[in-house]
Amino acid sequence: MNFYLFLPFGVILLFFLPIKLEARLSFNVLNFSGVIGVFLYKIKLLHEQFWIKGKKIITQNDDELETKEISFKSKEIIFMEIFTEQIKDKTRLRSIAIFYNLGLGDAFASAMMGGLVNFVITSFFTSIKNQKPTASLSLNDTISYNREICQFAFRLVVYISLFDIAYSFFRSLVLTKRKFNTES
């Protein structure tokens with residue numbers, strides 16, 4: 001038997017088997033600041049802090065002390081929009097968890113706003129559950145009755161193959177380049 005055939009079989013198997021990606025996002029609405037992290041099987045791929053100042057996003061990597069500014073009409077943002085559109089249907093959604101801490105300084109107003117936010121999020125979950133019935137969805141809320149706070153956090157777990165990521169990445173590069181060439 002030819003054992004060298006196991007090498008291409010292993011590469012093909014690795015290329016088409018789904019991998020687990022986890023994205024975490026925490027955002028403070030009052031400060032317009034947050035943290036984003038992307039993990040592959042619990043291994044950190046990306047972890048950055050960001051601030052929204054006017055029409056710019058300022059990011060800071062944990063390893064670097066330098067900050068960079070990204071405009072909303074920059075090539076990076078347009079690429080991310082196209083990439084997420086390309087990869088959206090290729091992913092298998094495993095779970096979404098939404099956490100929030102909300103307080104308006106007044107107990108009655110905080111309770112009413114918490115109920116409204118719960119209603120909106122559960123309506124969103126219902127539409128997701130109609131499209132992806134096997135997804136696990138959870139909502140964790142904390143209402144701070146005596147202080148002003150507005151923080152949201154998301155945890156998203158999806159499964160996708162390396163082939164789908166590579167295909168979507170290269171297609172997004174081509175579409176982004178084509179979009180910038182037609183606008184110039």
Side-chain angles (χ1 to χ4, degrees), residues 14-52 57 59 62 70 72 76-169 171-172:
L14 178 68
F15 203 58
F16 289 102
L17 277 180
I19 57 175
K20 178 184 176 184
L21 285 174
E22 182 176 343
R24 298 178 190 170
L25 172 72
S26 176
F27 188 70
N28 187 338
V29 178
L30 298 178
N31 296 338
F32 290 108
S33 63
V35 177
I36 188 166
V38 178
F39 301 90
L40 172 70
Y41 290 114
K42 305 285 184 189
I43 299 170
K44 179 173 63 169
L45 297 178
L46 171 76
H47 191 266
E48 288 191 1
Q49 295 177 334
F50 64 92
W51 298 268
I52 298 175
I57 299 173
T59 64
D62 285 344
I70 302 171
F72 284 118
E76 293 91 359
I77 298 295
I78 293 174
F79 171 77
M80 287 305 296
E81 289 175 3
I82 293 172
F83 182 68
T84 54
E85 186 65 33
Q86 292 292 318
I87 210 162
K88 181 175 61 172
D89 293 331
K90 296 173 182 71
T91 60
R92 288 175 290 287
L93 180 64
R94 182 58 60 130
S95 70
I96 296 178
I98 297 179
F99 308 87
Y100 73 88
N101 189 357
L102 183 67
L104 299 176
D106 178 32
F108 178 74
S110 298
M112 295 302 284
M113 186 58 76
L116 177 66
V117 170
N118 275 349
F119 172 73
V120 169
I121 292 174
T122 53
S123 298
F124 171 68
F125 279 172
T126 303
S127 67
I128 289 176
K129 202 65 162 171
N130 285 333
Q131 295 173 359
K132 309 278 185 179
T134 59
S136 173
L137 309 171
S138 68
L139 172 63
N140 302 307
D141 61 343
T142 303
I143 306 298
S144 299
Y145 295 107
N146 297 325
R147 62 184 182 144
E148 291 185 10
I149 189 168
C150 187
Q151 297 175 333
F152 288 90
F154 304 93
R155 185 176 157 262
L156 174 74
V157 178
V158 295
Y159 283 85
I160 189 165
S161 69
L162 287 175
F163 175 76
D164 290 334
I165 293 172
Y167 177 76
S168 298
F169 180 78
R171 182 161 167 77
S172 299

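Here the structure is a predicted model, which means the values were calculated and not measured.
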query = Short question: side chain of Ser168, backbone of Phe83 - any donor-acceptor pair under 3.5 Å?
reply = no
ask   = How close do Lys20 and Val157 get, heavy atom to heavy atom, and via which atoms?
value = CE-CG1, 3.7 Å
note = For Thr59 and Glu48, the nearest pair of non-hydrogen atoms, with its separation, is CB-OE1, 3.5 Å
message = Tell me if a side-chain donor or acceptor on Tyr100 pairs with a main-chain N or O of Gly114 at a distance below 3.5 Å.
response = yes
key: Heavy atoms of other groups near Phe108 CZ, more than 12 under 6.0 Å   = no
inquiry  = List the residues meeting side chain to side chain donor-acceptor pair (under 3.5 Å) with Arg24, not counting sequence neighbours, and say none if there are none.
reply    = Glu22
request  = Quick one: do Phe27 and Ile52 satisfy side chain to side chain contact (heavy atoms under 4.5 Å, CB included)? Show the steps, please.
outcome  = CA-CA 10 Å; Phe27 188 70; Ile52 298 175; 4.1 Å; yes
request  = Before giving the answer on side chain to side chain contact (heavy atoms under 4.5 Å, CB included), spell out for Ile19 and Ile165 the whole-Å C-alpha distance, their side-chain angles and the decisive distance to 0.1 Å.
outcome  = CA-CA 10 Å; Ile19 57 175; Ile165 293 172; 3.9 Å; yes
inquiry  = Using side chain to side chain contact (heavy atoms under 4.5 Å, CB included), reason through Asn101 and Arg147 one step at a time and then give a plain yes or no.
reply    = CA-CA 11 Å; Asn101 189 357; Arg147 62 184 182 144; 3.6 Å; yes
inquiry  = Tell me if the centroids of the rings in Phe32 and Phe50 come within less than 6.0 Å of each other.
reply    = no
message = Are there over 12 heavy-atom neighbours, none belonging to Asn146, within less than 6.0 Å of that residue's CG?
response = no
note = All heavy atoms of Lys44 vs all of Phe39, minimum pair found to be CA-CD2, 3.5 Å
inquiry  = I need the Lys129 NZ to Thr134 OG1 distance, nearest 0.5 Å.
reply    = 7.0 Å
ask   = Does OH in Tyr167 sit with more than 12 non-hydrogen atoms of other residues, nucleotides or ligands closer than 6.0 Å?
value = no
inquiry  = Taking the side chain as everything from C-beta on, heavy atoms only, tell me whether Ile82 gets closer than 4.5 Å to Gln86.
reply    = yes
request  = List the steps and the verdict of side chain to side chain contact (heavy atoms under 4.5 Å, CB included) for Leu156 and Leu93.
outcome  = CA-CA 8 Å; Leu156 174 74; Leu93 180 64; 3.3 Å; yes
